[in-house]
Amino acid sequence: MHVEPVEISGVGLTPLEAVALGQRRTAVRLSDEARKRMSESAAAVAEAARHRPVYGRTTGVGANRDVLTSDPEHGARLLGSHSTTGTTSYPKDVVRLGLLIRVNQLASGGSGLQPEVADAIVTLLNDDELPDLHRGGAIGTGDLGPLAELGLALGDVVDGTSALPLLSSNAITLAECCLAYIEAATLINVVPLVGALSHVALRGNAEVYDVRVHEARPQPGQVRAARRMRGLLDSLPIVPARVQDPFGLRAFAQVLGPAVDHVDVLGNSLRIDLNASAENPLVAGDTVLHNGNWHAMPIALALDSLRLSLHSVATLSTSRVANLVDPEFTGLSRFLASGAEASSGVMMIEYVAHDALASVRSSAQPATLGTATLSRGAEHHASFAPQAAVLTAQLLDALREVLACELVTAVRAIRLAGLEPEDLAPAAVGPWLADALAALPGDLADRSLREDLEIARGLLTQWGDRQVEHPAESG
């Protein structure tokens, strides 16, 4: 069946749509409106360059910004020199998504590039002939190195006046950010499922999720996290074990809530930059404006804030694991052991959880604390958004390991307590328990739990895929 290509228009593209479009490898085309905008922009900058210096077109770049040039080979030399990168290739899904994003940015018409440049990138996408782009040379002030490699891959379509405008983008970084955003939004959606199972195992007091509590302090993410937990735990027929629970249960919504809020912030920042004319110089009507929109500070700060909030989510998860292996909180055996005396049960789960938490902690360090003075002092600040994106992907992987540890431990505690899914009815957490009991081995003897953790990680992925709502894309 013939499927019409999806039009790239430079407006309205969301991170979720961009990732889905890249993963499906759907054919795309430049819209007629975008083609008109690009043509008018190219004509405007060409006319402006006849009367005044235009950075990168009639001048050098960086500290060479005051050196005028009319050399027709200037663009080729610029691409050649700026294609200096590191030796590690970007994954193909990042390259594909990055090219889609760059086309959408160009479609907004602020670069001064001819539509034929966008068409050439579209051809690479549709033919699945992706260039080999490498990390290195990107510090949150434009993905200079990899986009120069893209320019070389495009060949003659990039002429002497097109090189610098092509590089004036953080498109490859934005691709990694979009992938991290989707992963974070999905993973945050399963944290309440794991937390609800721990609540069952620890016989928690659900009044901490009472709507009146959160109306009294209506932080948006906290309100949403509490609402989700009420949806899972309302009408749970289990008598609470305590008047006041440990922090892992009592402060659940207050700690998860900021992470939900920071996913929102990241999603909003990405939506803006995916459709922005973040070009330098920017062609606005018949005017050329030199500016700093290449600076990726909004994205970098959103990533840093998200990682810091997720570190607290991971820390609280390990605290629930500590409660789950403690008879004072569960009324069960130490370390949820079963069988012979002095059995270790899930003792090692705590070690694995804290190993993963250490990785979360190291990845949570703010990338924006970095500094850079480059090109003879002409450039003396950088956001380090690319590094923040890499750290975010690393943290999310480690957080998944922490949550897997909690899931395995909570389900084992529920088994030892002799609870079945029907014992939780009519609470909505019951079917999720049934899922976990069916997936995780029921053998409670001392043994390696590595396979259980692998199953739990897979289960978290499945649960994430089953969630309809991404928190950061809902109201």
Side-chain angles (χ1 to χ4, degrees), residues 188-264 309-310 312-332 336 402-403 406-407 409-437 463 467 469 471 474-475:
I188 279 179
N189 242 351
V190 302
V191 173
L193 302 177
V194 179
L197 292 175
S198 290
H199 179 101
V200 169
L202 292 165
R203 292 174 295 147
N205 189 334
E207 69 185 42
V208 297
Y209 302 116
D210 190 292
V211 66
R212 291 164 293 187
V213 170
H214 303 282
E215 286 176 344
R217 190 209 191 193
Q219 292 286 348
Q222 174 183 324
V223 167
R224 287 160 64 183
R227 182 169 63 237
R228 182 77 186 283
M229 293 301 281
R230 286 197 302 275
L232 290 166
L233 297 173
D234 274 356
S235 303
L236 183 69
I238 293 179
V239 177
R242 292 159 294 277
V243 172
Q244 185 157 280
D245 285 323
F247 281 15
L249 298 180
R250 184 156 42 112
F252 184 92
Q254 289 78 5
V255 171
L256 180 60
V260 173
D261 286 333
H262 285 125
V263 169
D264 278 355
S309 64
L310 289 175
S312 290
V313 172
T315 301
L316 212 62
S317 176
T318 59
S319 77
R320 290 190 293 274
V321 172
N323 296 151
L324 286 164
V325 301
D326 189 340
E328 290 188 14
F329 291 101
T330 63
L332 303 170
L336 305 177
V402 172
L403 293 172
E406 181 183 354
L407 179 56
T409 309
V411 171
R412 184 181 177 109
I414 291 171
R415 284 191 199 274
L416 279 174
L419 291 173
E420 297 292 339
E422 53 267 26
D423 298 325
L424 310 186
V429 69
W432 300 101
L433 173 60
D435 238 21
L437 290 172
W463 286 356
Q467 304 304 297
E469 176 189 334
S474 67

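Every value quoted in this text rests on a predicted model; they were computed, and no experiment measured them.
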So, for [X] and [Y], which heavy atoms are closest and what is the spacing to 0.1 Å?
{"X": "Trp463", "Y": "Asp435", "answer": "NE1-OD2, 2.9 Å"}
{"X": "Val402", "Y": "Ser317", "answer": "CG1-OG, 3.5 Å"}
{"X": "Pro431", "Y": "Ala428", "answer": "CD-O, 3.2 Å"}
{"X": "Ala251", "Y": "Leu316", "answer": "O-CD2, 3.9 Å"}
{"X": "Ala436", "Y": "Val411", "answer": "CB-CG2, 3.6 Å"}
{"X": "Leu433", "Y": "Glu420", "answer": "CD2-C, 4.2 Å"}

Handout entry: Separation of Gln222 CD from Tyr209 OH (nearest 0.5 Å)
Key = 11.0 Å
Practice task
Nearest 0.5 Å please: distance from the CG atom of Asp210 over to the CZ atom of Arg230.
Solution key: 7.5 Å
Pair up each side-chain donor or acceptor in residues 255-263 with any protein partner under 3.5 Å, not counting sequence neighbours, and list the distances.
| residue | atom | partner | partner atom | Å |
| --- | --- | --- | --- | --- |
| Asp261 | OD1 | Gly221 | N | 2.8 |
| Asp261 | OD2 | Gly221 | N | 3.3 |
| His262 | ND1 | Pro258 | O | 2.9 |

Exercise for the section: Would you indicate whether Glu422, at its atom CD, is surrounded by more than 12 heavy atoms from other residues, nucleotides or ligands within a distance under 6.0 Å? Expected result: yes
Practice task
Would you check if Arg412 and Leu324 make a side-chain contact, meaning some heavy-atom pair closer than 4.5 Å?
Solution key: no
Exercise for the section: Indicate yes or no for a side-chain donor-acceptor contact from His214 to the backbone of Gln254 under 3.5 Å, with no hydrogens or angles considered. Expected result: no
Handout entry: Test item: Arg320 side-chain N/O and Ala410 main-chain N/O as donor-acceptor pair under 3.5 Å
Key = no
Problem - Steps toward side-chain contact (heavy atoms from CB on, under 4.5 Å) verdict (Val325, Thr409) - result: CA-CA 8 Å; Val325 301; Thr409 309; 4.1 Å; yes
Pairs of donor and acceptor atoms involving the side chains of residues 193-201, under 3.5 Å and at least two apart or interchain, shall be tabulated with distances.
| residue | atom | partner | partner atom | Å |
| --- | --- | --- | --- | --- |
| Ser198 | OG | Glu406 | OE2 | 2.6 |
| His199 | NE2 | Gly204 | O | 3.2 |

Under 3.5 Å, which donor-acceptor pairs do the side chains of residues 231-248 form with other protein atoms, sequence neighbours left out?
| residue | atom | partner | partner atom | Å |
| --- | --- | --- | --- | --- |
| Arg242 | NE | Asp245 | OD1 | 2.8 |
| Arg242 | NH1 | Phe329 | O | 3.2 |
| Arg242 | NH2 | Leu202 | O | 2.4 |
| Arg242 | NH2 | Asp245 | OD1 | 3.2 |
| Asp245 | OD2 | Asn205 | N | 2.6 |

